[in-house]
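One structure is given here, and the rest of the page talks about it.
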Amino acid sequence: MGLCPRVLAGYLTLWFASGALAEWDISGFVSAEGRFFTQSPRFSTQPETATGSLSFKPEFYREWGDDLFQSFLFVPFGRIDKDDAERTHFDIRELTWLLAADAAELRLGFRKVFWGVAESNHLVDVINQTDLVENIDVEDRLGQPMVNLALISDFGTLDLFVLTGFRERTFPGREGRLQGPLRIDLGRASFESAAGNKHVDYAARYSHFIGDFDIGLSHFWGTSREPRFLFQQLPSGERVLVPRYDLIHQTSVDLQATKGDWLWKFEGLRREGQGDTYLAAVGGFEYTFVGAFDTAMDVGVLSEYHIDDRWRDALSPFNNDLFVGSRLAVNDAADTQFLGGLFSDLYGNGYFLNLEASRRFGDYWKLELEARFFLDIKPADPLAPIARDDYVLIELFRYF
């Protein structure tokens, strides 16, 4: 779904009318990114060894009201990529007005909403569309237009959502890496709903904590953010993949138990409408060695298992997989952190290695490092189309 100019103009009018710019808290970052690939590309149109990009993400925030709290948040995001025109894009991550009372909160606009507790895969997170040109870790999401009413009590919080429009998933272009042998034709995307990307979706979520347990129960009805792909042959003879967005019902639960230095995590769902009804889950633990080796460092050990009862027919690569990893927090003034993990396909189809590290320099600079390696990937694995796209990413941020 494109950003409606009239809606955008209305929000921006409210933004400027609600107060002078001097009354706003302004923060954010600009960044420079380099990605370095260890293998030759699949196509001659793709970069051989390296590509670069620039991004920006400012945040404008203002709050007001004594008896009735209100706030407004505007977070645009943009990236300019050296090679891939599809990765050069702009999005509104947040454009939200909040009205808050003692027992209720009303939010209107573009928002990012996160559900779930697992580290290695956000299984139940279904509100926002994945911005896949940004990163394959599905951490980056497009802003979702919505009306969100939260009812708050001592017995928990009930969130009700009306999702006013659908945003299609982004994919790399032919000049970018991390894509399969067949081109994804976004212009031919189809929808089960006759309303297409204007279908209104609905969701509800109850969340609460009881003792050591954090509990979330959710239901979503609407257009799936995860497309299926259909083969089509164009008049030119080219075979392409066409995204197909189905209507689904998804009921899910996420649980986290904090027991001393242990975190126990579980996410599970039942989805109906995207082919056969299926069940999927991810569960595991994280144990933290606080003050490891008689230092200020905290070292965490993680493990999670993924299961999908469609097994080899699952759209997701997480259908029978084991994740093991470690997290290091140095707890120094530079906020140095490291996270590493290995996914093992228990069908024997290969491994996926993920490494992440970050460190601040002074008050305004931050350096992040990512490395993704696809190891011994077999043709039957869902990751096979991008198995030649091992890369190391370095990104330098300047905050303001």
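For clarity, every value in this text was computed on a predicted model and none was experimentally measured. Residue numbers run from 1 in the order of the sequence given. Computed over heavy atoms, backbone and side chain alike; hydrogens, waters and symmetry mates excluded.
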Checking the side chain of [X] only, and the main-chain atoms of [Y] only, is there a donor and an acceptor separated by less than 3.5 Å?
X    : Y    : value
R205 : A203 : no
E267 : V117 : yes
D125 : W115 : yes
Q233 : R239 : no
Q46  : R42  : yes
D376 : Y351 : no
R141 : K112 : no
S224 : E226 : yes
R93  : D140 : no
N331 : A296 : yes

If we only count heavy atoms from C-beta on, is the [X] to [Y] side-chain gap below 4.5 Å?
X    : Y    : result
E168 : F191 : yes
P41  : R177 : yes
R244 : P227 : no
L54  : V30  : no

Inset, instruction - Give a yes or no on whether F266 atom CZ has more than 12 heavy-atom contacts from other residues, nucleotides or ligands under 6.0 Å away. - result: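 Enclosed: over 12 neighbouring heavy atoms sit under 6.0 Å from CZ of F266.
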Taking atom types as modelled, find out whether [X] and [Y] have a side-chain donor-acceptor pair closer than 3.5 angstrom.
X    : Y    : value
T251 : R270 : no
H199 : D201 : yes
N128 : Q144 : no
E139 : H122 : yes
Y347 : D321 : no
E395 : S31  : yes
R388 : S40  : yes
Y61  : E59  : no
N148 : R111 : yes
R360 : Q337 : no
H89  : T170 : no

Legend entry - Where V324 and S303 come nearest, the two heavy atoms and their spacing: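 Closest approach of V324 to S303: CG1-OG, 3.8 Å.
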Taking the six-membered ring for Trp and the full ring for Phe, Tyr or His, determine whether the centres of [X] and [Y] are under 6.0 Å apart.
X    : Y    : answer
F285 : Y287 : no
Y364 : F400 : no
F60  : W24  : no

Inset, instruction - I would like to know whether S120 and H306 meet side-chain hydrogen bond (donor to acceptor under 3.5 Å, both in side chains); could you show each step before the answer? - result: CA-CA 9 Å; S120 54; H306 304 260; 2.9 Å; yes
Legend entry - W64 reachable from L108 in the ILVMFWY side-chain graph, under 4.5 Å edges: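 Yes, because L108 and W64 connect within a single hydrophobic cluster, where side-chain heavy atoms sit under 4.5 Å apart.
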Inset, instruction - Check which hydrophobic residues are tied to F397 through side-chain heavy-atom contacts below 4.5 Å, counting indirect links as well, and list them. - result: F29, Y399
Inset, instruction - List, by chain and number, the other hydrophobic cluster members for L178, where Ile, Leu, Val, Met, Phe, Trp and Tyr join if side-chain heavy atoms come within less than 4.5 Å, directly or indirectly. - result: F37, I136, L302, F318, F323, L339, F343, F352, F374, I377, L383, I386, Y391, L393
Inset, instruction - Sequence neighbours left out, what passes salt bridge (Lys or Arg N to Asp or Glu O under 4.0 Å) with R188? Give chain and number order. - result: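 Expected list: D185.
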Can a salt bridge be assigned to the pair [X] and [Y] using a cut-off of 4.0 Å between side-chain N and carboxylate O?
X    : Y    : result
D276 : R310 : no
D91  : R167 : yes
D332 : R359 : yes
R35  : E370 : no

Inset, instruction - Go through E368 and S358 one step at a time and tell me if the side-chain hydrogen bond (donor to acceptor under 3.5 Å, both in side chains) criterion holds. - result: CA-CA 4 Å; E368 290 190 355; S358 65; 5.2 Å; no
Legend entry - Six-ring centre of F43, R174 cation under 6.0 angstrom, axis tolerance 45°: yes
Legend entry - Six-ring centre of W97, R107 cation under 6.0 angstrom, axis tolerance 45°: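 Negative - R107 is either too far from the ring of W97 or too far off its axis.
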